[in-house]
Participant: 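Sending over a structure as structure tokens; questions will come in a sec.
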Amino acid sequence: APSKKTPTDCHPLNRTQTDDTKRTSGGTLPSPVGRRISDHLLHGILDNVVDGVITIDEQGMVQSFNASSEEMFGYQSEDVIGNNVAMLMEHDHASQHDGYLNNYLKTGIGKILGVGSREVMGKRKNGSLFPIDLAVSEMQLQDRHLFIGTIRDITRRKEKERVYSDKAILLETALENMGHGFCISDADLTLQSFNQKYIDLYKFPPDFIQTGTDLETVVRHHGENGLLGDDPEQIEATVQERLKSVRMDLVKNVENSLPDGTHYIYSRTPMPGGGFIATFTDITERKQAEQKAAESAALSRAAIGNMAQAFCIFDGNGYLINHNEQFTKLFDLPPDLLVSVITFEDIGRFRAERGDYGEGDVDTLTKEAMTRFANPNMRTREHTQLNGVVYVHHREPMPGGGWVQTYTDITERKKIEQALQESEERFRSAFQNSSVGMMVRNPDDRTIITNDAMYKITGYSHDEMETLNL
């Protein structure tokens with residue numbers, strides 16, 4: 001604990017009052033013994049108060065320095081008493097202190113005296129500075145002036161204020177840079193906080209939104225700007241309805257749009273004790289992307305639906321995720337089969353049971369179909385169904401697994417090819433079996449075909465006929 005000083009060392013009254021016979025308005029001054037008891041009591045009180053108490057005279061010399069001051073500044077009282085109080089001040093303030101004191105003594109006008117506490121910087125014995133609250137009062141003893149300084153170390157308070165300030169700045173920065181607008185209203189429905197995105201979303205006039213703006217003013221502004229409908233006679237009713245809804249303290253989460261095409265989600269959460277926090281999330285880009293995606297999907301469906309080919313997509317697990325009507329028709333699949341979630345194996349088993357793969361055990365036929373489906377090297381093949389339909393099956397792998405598959409019906413083309421082949425065979429048969437010698441040559445005068453009768457009539461061999469210049 002700080003060392004206790006004798007009254008003659010620490011108490012200013014011992015330095016100023018020396019005539020025991022002087023009288024006050026109430027009678028004679030206390031006897032020396034009584035005065036020493038009083039001084040001891042006062043000294044004990046001063047050394048046990050939390051705040052530092054320092055007294056100085058007209059020249060700024062320290063007259064007393066209590067225990068809390070010793071702890072605060074790091075000096076013992078004997079190191080300070082009799083020295084200028086400027087030793088306890090930062091340089092700028094210390095260099096001007098005597099001037100302040102002299103000016104007060106001459107004019108009676110002070111900068112600190114009698115004006116309450118003031119925040120200044122104190123200087124410890126080790127030279128470090130620290131914040132203090134300083135309050136100065138004056139005491140006059142006969143013709144002497146004493147000034148009593150009450151000092152409180154506010155280092156912890158200032159640190160807390162700094163931390164709170166840093167947090168407040170961090171919070172304000174976070175709120176200003178958050179991805180959506182927000183506002184906070186108290187129980188009286190007046191705005192207490194908001195960010196710029198909230199102002200920008202509704203395009204409020206400059207300085208229209210302020211701390212303390214009542215919500216009714218804001219809602220009425222919405223009505224005047226066409227955000228509450230087109231009927232002027234209904235605006236007031238709508239304003240009151242909106243305010244009533246807010247007062248009901250209900251959670252709300254709705255999607256709204258503005259006349260300029262902005263889409264946003266309005267979320268309102270009531271706070272304990274009244275008021276609410278509201279957020280405004282701009283989803284315009286998302287809505288535009290959704291619209292484009294919907295349009296693209298519609299175009300894709302139209303394109304797929306109007307393809308001449310049958311089309312389907314199976315994912316990496318064999319689930320059918322898309323197909324067109326031609327796919328259903330080509331394999332004569334019942335509509336209800338494709339309504340629910342279905343796999344290639346389900347379709348294969350259905351076709352095996354129906355006999356599309358020929359006779360045999362259904363499980364075996366289904367496994368064979370699955371083996372073909374799982375074959376990574378199978379890209380294009382031609383297949384003839386039992387009903388005579390011929391198609392070319394082509395598939396391409398998808399990133400992440402699965403296949404995009406097309407089935408081109410070539411039944412008519414195959415019929416035409418068959419008819420042409422049969423016609424050519426009939427022509428060759430008639431050409432070779434004719435008793436008339438015949439020869440077909442191209443524009444370059446080269447022999448394409450010659451029948452047997454021509455060889456017999458001319459006597460030329462096949463090789464000779466090929467080089468014969470007619």
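Source: prediction; values computed, not measured. Counting from 1, the numbers follow the sequence of the chain as shown.
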Participant: I'd like to know whether His180 forms a side-chain hydrogen bond (donor to acceptor under 3.5 Å, both in side chains) with Thr279, so could you lay out the CA-CA distance, the side-chain angles of the two residues, the decisive distance to 0.1 Å, and finally the verdict.
Facilitator: CA-CA 7 Å; His180 47 253; Thr279 59; 4.9 Å; no

Participant: Would you check if there is a donor-acceptor pair between the side chains of Asn433 and Ser429 at a distance under 3.5 Å?
Facilitator: yes

Participant: Between Phe204 and His221, what is the ring plane arrangement, given parallel below 30°, perpendicular above 60°, and tilted in between?
Facilitator: tilted

Participant: For Ala308 versus Gln326, what's the shortest heavy-atom pair and its separation?
Facilitator: O-CG, 4.1 Å

Participant: Walk me through whether His323 and Leu338 qualify under side chain to side chain contact (heavy atoms under 4.5 Å, CB included).
Facilitator: CA-CA 9 Å; His323 68 286; Leu338 304 180; 3.4 Å; yes

Participant: For the pair His393 and Tyr407, name the ring-plane relationship: parallel under 30°, tilted 30 to 60°, perpendicular over 60°.
Facilitator: parallel

Participant: Return yes when atom OH of Tyr460 has more than 12 non-hydrogen atoms of other residues, nucleotides or ligands closer than 6.0 Å, and no otherwise.
Facilitator: no

Participant: Using 30° and 60° as the class boundaries, would you call the ring planes of Phe280 and Tyr264 parallel, tilted or perpendicular?
Facilitator: tilted

Participant: Look up atom CZ in Phe314 and atom CD in Glu345, then write down how far apart they are to the nearest 0.5 Å.
Facilitator: 11.5 Å

Participant: Around atom NE2 of His91, are there more than 12 heavy atoms from other residues, nucleotides or ligands closer than 6.0 Å?
Facilitator: no

Participant: Ser245 and Arg268: side-chain donor and acceptor closer than 3.5 Å?
Facilitator: yes

Participant: Classify the ring geometry of Tyr202 against Tyr198: parallel below 30°, tilted from 30° to 60°, perpendicular beyond 60°.
Facilitator: perpendicular

Participant: Let me see the working for Arg152 and Ile132 under side chain to side chain contact (heavy atoms under 4.5 Å, CB included), right down to the final yes or no.
Facilitator: CA-CA 5 Å; Arg152 177 167 296 176; Ile132 60 175; over 6 Å; no

Participant: Provide the closest heavy-atom pair for Phe327 versus Cys312 in the form atom of the first, atom of the second, distance.
Facilitator: CE1-SG, 3.7 Å

Participant: Please examine the side chains of Thr450 and His462, heavy atoms only from C-beta on, and report whether any two atoms are closer than 4.5 Å.
Facilitator: no

Participant: What distance separates Asp214 CG from Thr190 OG1, expressed to the nearest 0.5 Å?
Facilitator: 8.0 Å

